[in-house]
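Data first, discussion second: the structure below is written as structure tokens.
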Amino acid sequence: MENTLKVFKSDKFDVEDTASLSLFLYPDFLVIFAKDQNQSNTGIHYYPKLNLKSLDQLILTDPLLRLDVPARLFIHHPGFSLVPGVLYSSGNEAQFLSFSKEVTDHAFYFNTPLDSNNLQVLSYVDEKMKKHLEARFSDLSFYHGSCSFLSYLFKERFNLIGQEILVNVFGKQMYVAAFTDQELSTFNLFEIQSKDDILKYVLILIEQLHYDRNHVRISVFGIPAKSEITENWGKQYFQNFRILVPHANQNYSHGFKHLKDLGLFEVSWQYL
């Protein structure tokens with residue numbers, strides 16, 4: 001595991017200056033952001049091959065995770081649901097989540113309000129994992145991984161056209177959102193094996209929502225510097241196709257060479 005670690009850091013990085021951590025746990029990899037007291041990112045640990053079960057071991061070995069500082073854990077997994085704020089009520093989490101995934105009896109539920117409390121992003125984590133993490137971090141909060149992408153889309157909604165599909169690619173998964181007249185019409189998580197899968201799901205969504213293929217705008221985020229997914233490729237299928245990097249709400253100390261080559265959405269924008 002140690003050999004797979006990639007480190008990005010500022011020129012003056014000191015682990016002792018870490019005031020908080022943001023952990024983004026994807027289905028197949030992990031990214032740890034170390035932040036100073038001003039919330040600037042000072043160091044990043046990227047594990048390109050890591051799953052949920054390996055996190056327990058990593059807590060004992062990674063220098064950043066051995067710090068007892070406030071930590072936020074964002075979990076990207078299919079067990080989540082978007083619930084209208086007017087319908088959400090605590091105690092009914094299992095019922096809300098049953099539409100997307102069957103939840104075990106030993107689950108800890110958590111939710112995040114978005115769009116001025118008009119939407120709740122509901123998810124869960126296994127109680128055993130929660131207790132293990134809380135034994136390591138005295139101040140720990142949980143979020144579903146989609147919160148960053150969704151919070152960005154709601155901020156940008158008034159820059160969207162009438163028919164808009166937005167995709168965030170990370171590893172072998174992607175989030176897909178559709179906005180109709182600046183209102184969220186659908187949001188989902190899909191597994192992908194190639195760029196053709198991106199094309200497939202976008203075309204299915206266009207058909208389901210009765211969008212005009214010549215009018216709808218397709219925006220794709222999360223594309224690494226070296227990728228087969230290019231604007232020229234997309235424009236073979238869609239008249240209005242673009243690859244974007246989100247506006248930034250993240251600050252970095254001087255340094256961090258090659259960080260943006262990862263293409264990860266959260267390098268630029270994180271839920272705050």
Side-chain angles (χ1 to χ4, degrees), residues 20-28 30-33 51-56 59 65 68-155 157 166 168 170 173-180 182-191 205 208-209 265-266 269-272:
S20 65
L21 298 173
S22 291
L23 287 65
F24 292 87
L25 182 59
Y26 305 85
D28 304 311
L30 171 72
V31 186
I32 307 165
F33 289 77
N51 56 37
L52 196 63
K53 295 180 180 179
S54 302
L55 185 59
D56 286 348
I59 290 174
L65 295 183
D68 187 8
V69 296
R72 304 198 307 162
L73 176 61
F74 293 80
I75 306 177
H76 294 268
H77 69 114
F80 75 101
S81 183
L82 305 187
V83 184
V86 294
L87 296 179
Y88 181 80
S89 59
S90 59
N92 296 310
E93 291 88 355
Q95 183 178 354
F96 289 132
L97 284 168
S98 65
F99 296 101
S100 61
K101 190 176 181 64
E102 184 177 350
V103 182
T104 65
D105 294 333
H106 305 288
F108 168 74
Y109 301 105
F110 51 90
N111 60 286
T112 303
L114 294 177
D115 191 28
S116 302
N117 292 324
N118 288 322
L119 190 70
Q120 294 282 345
V121 182
L122 172 65
S123 190
Y124 74 98
V125 68
D126 184 78
E127 277 278 7
K128 183 178 179 181
M129 178 184 176
K130 172 180 175 286
K131 290 179 179 179
H132 195 167
L133 289 169
E134 287 181 336
R136 187 69 200 83
F137 300 106
S138 55
D139 185 349
L140 177 66
S141 50
F142 293 87
Y143 306 84
H144 188 262
S146 63
C147 288
S148 291
F149 188 43
L150 281 166
S151 68
Y152 181 81
L153 297 184
F154 284 125
K155 181 180 183 298
R157 68 192 304 170
L166 306 107
N168 177 20
F170 51 98
Q173 283 78 26
M174 68 177 185
Y175 292 117
V176 179
F179 279 77
T180 306
Q182 301 178 340
E183 294 294 330
L184 182 64
S185 297
T186 188
F187 186 84
N188 214 331
L189 172 66
F190 297 105
E191 290 190 9
L205 202 54
Q208 289 179 340
L209 295 174
F265 186 89
E266 289 87 353
W269 182 278
Q270 297 176 14
Y271 174 78
L272 299 175

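Count residues from 1 along the sequence.
A donor atom on one side chain and an acceptor atom on the other are found under 3.5 Å apart for E266 and Y26.
Shown here for L209 and A178, the closest heavy-atom pair between the two residues is CD1-CB, 3.4 Å. When all heavy atoms of A177 and L153 are compared, the pair lying nearest together is CB-CD1, 3.6 Å. The two atoms that bring A71 and L23 nearest to each other are CB-CD1, 4.4 Å, heavy atoms only. Of all the heavy atoms in Y88 and S90, the pair that sits closest is CE2-N, 4.1 Å.
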Run D28 and Q173 through side chain to side chain contact (heavy atoms under 4.5 Å, CB included) and show every step you take. CA-CA 10 Å; D28 304 311; Q173 283 78 26; 4.0 Å; yes

Before you tell me yes or no, could you show the steps for F265 and F170 under ring pair (Phe, Tyr, Trp, His ring centres under 6.0 Å), namely the whole-Å CA-CA distance, both residues' side-chain angles and the distance that decides it to 0.1 Å? CA-CA 8 Å; F265 186 89; F170 51 98; 9.9 Å; no

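Annotation: salt bridge (Lys or Arg N to Asp or Glu O under 4.0 Å) contacts involving residues 111-123, sequence neighbours excluded, comprise D115-R157. Listed by first and then second residue, the salt bridge (Lys or Arg N to Asp or Glu O under 4.0 Å) pairs involving residues 80-95 amount to none (not counting sequence neighbours).
Atom OG in S151 sits 7.5 Å away from atom CG in L272 (nearest 0.5 Å). Atom-to-atom distance recorded for F149:CZ and L189:CG is 11.5 Å, nearest 0.5 angstrom. A distance of 6.0 Å separates CG in L114 from CZ in F154, rounded to the nearest 0.5 Å. Here the CZ atom belonging to F142 is positioned 13.5 Å from the CG atom belonging to N111, to the nearest 0.5 angstrom. Note that CG of L184 and CG of L150 are 7.0 Å apart. Values are rounded to the nearest 0.5 Å. Taking CG of L55 as the reference point, atom CG of L133 lies at 5.5 Å (rounded to 0.5 Å).
Within the 4.5 Å cutoff, no side-chain heavy atoms of V83 are placed close to those of L119. Residues R72 and S20 have side chains not in contact (no heavy-atom distance under 4.5 Å, counting atoms from C-beta outward). At a threshold of 4.5 Å between non-hydrogen side-chain atoms, the residues V121 and Y143 do not count as touching. Side-chain contact check for F74 versus L25: every heavy-atom pair is 4.5 Å or farther apart. Within the 4.5 Å cutoff, the side chain of L21 has heavy atoms near those of the F137 side chain. Within the 4.5 Å cutoff, side-chain heavy atoms of L30 are placed close to those of I32.
For Y109 and F96, the ring centers are positioned 6.0 Å apart or more. Taking the centre of each ring, F24 and F33 come in below the 6.0 Å mark.
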Review item, side-chain donor-acceptor pairs of residues 122-129, under 3.5 Å, at least two apart:
{"unit_1": "S123", "atom_1": "OG", "unit_2": "H77", "atom_2": "NE2", "d": "3.0"}
{"unit_1": "S123", "atom_1": "OG", "unit_2": "G79", "atom_2": "O", "d": "2.7"}
{"unit_1": "D126", "atom_1": "OD2", "unit_2": "K128", "atom_2": "N", "d": "2.9"}

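The side-chain hydrogen bond (donor to acceptor under 3.5 Å, both in side chains) search around S146 returns H144, not counting sequence neighbours. Legend: residues meeting side-chain hydrogen bond (donor to acceptor under 3.5 Å, both in side chains) with Y175, ordered by chain and number and at least two apart, are H76. By the salt bridge (charged side-chain N to carboxylate O under 4.0 Å, His left out) test, E134 pairs with K130, sequence neighbours left out.
With hydrogens and angles disregarded, a donor-acceptor distance shorter than 3.5 Å links the side chain of S148 to the backbone of Y271.
Within 6.0 Å of CD in E191 there are 12 or fewer heavy atoms belonging to other residues, nucleotides or ligands.
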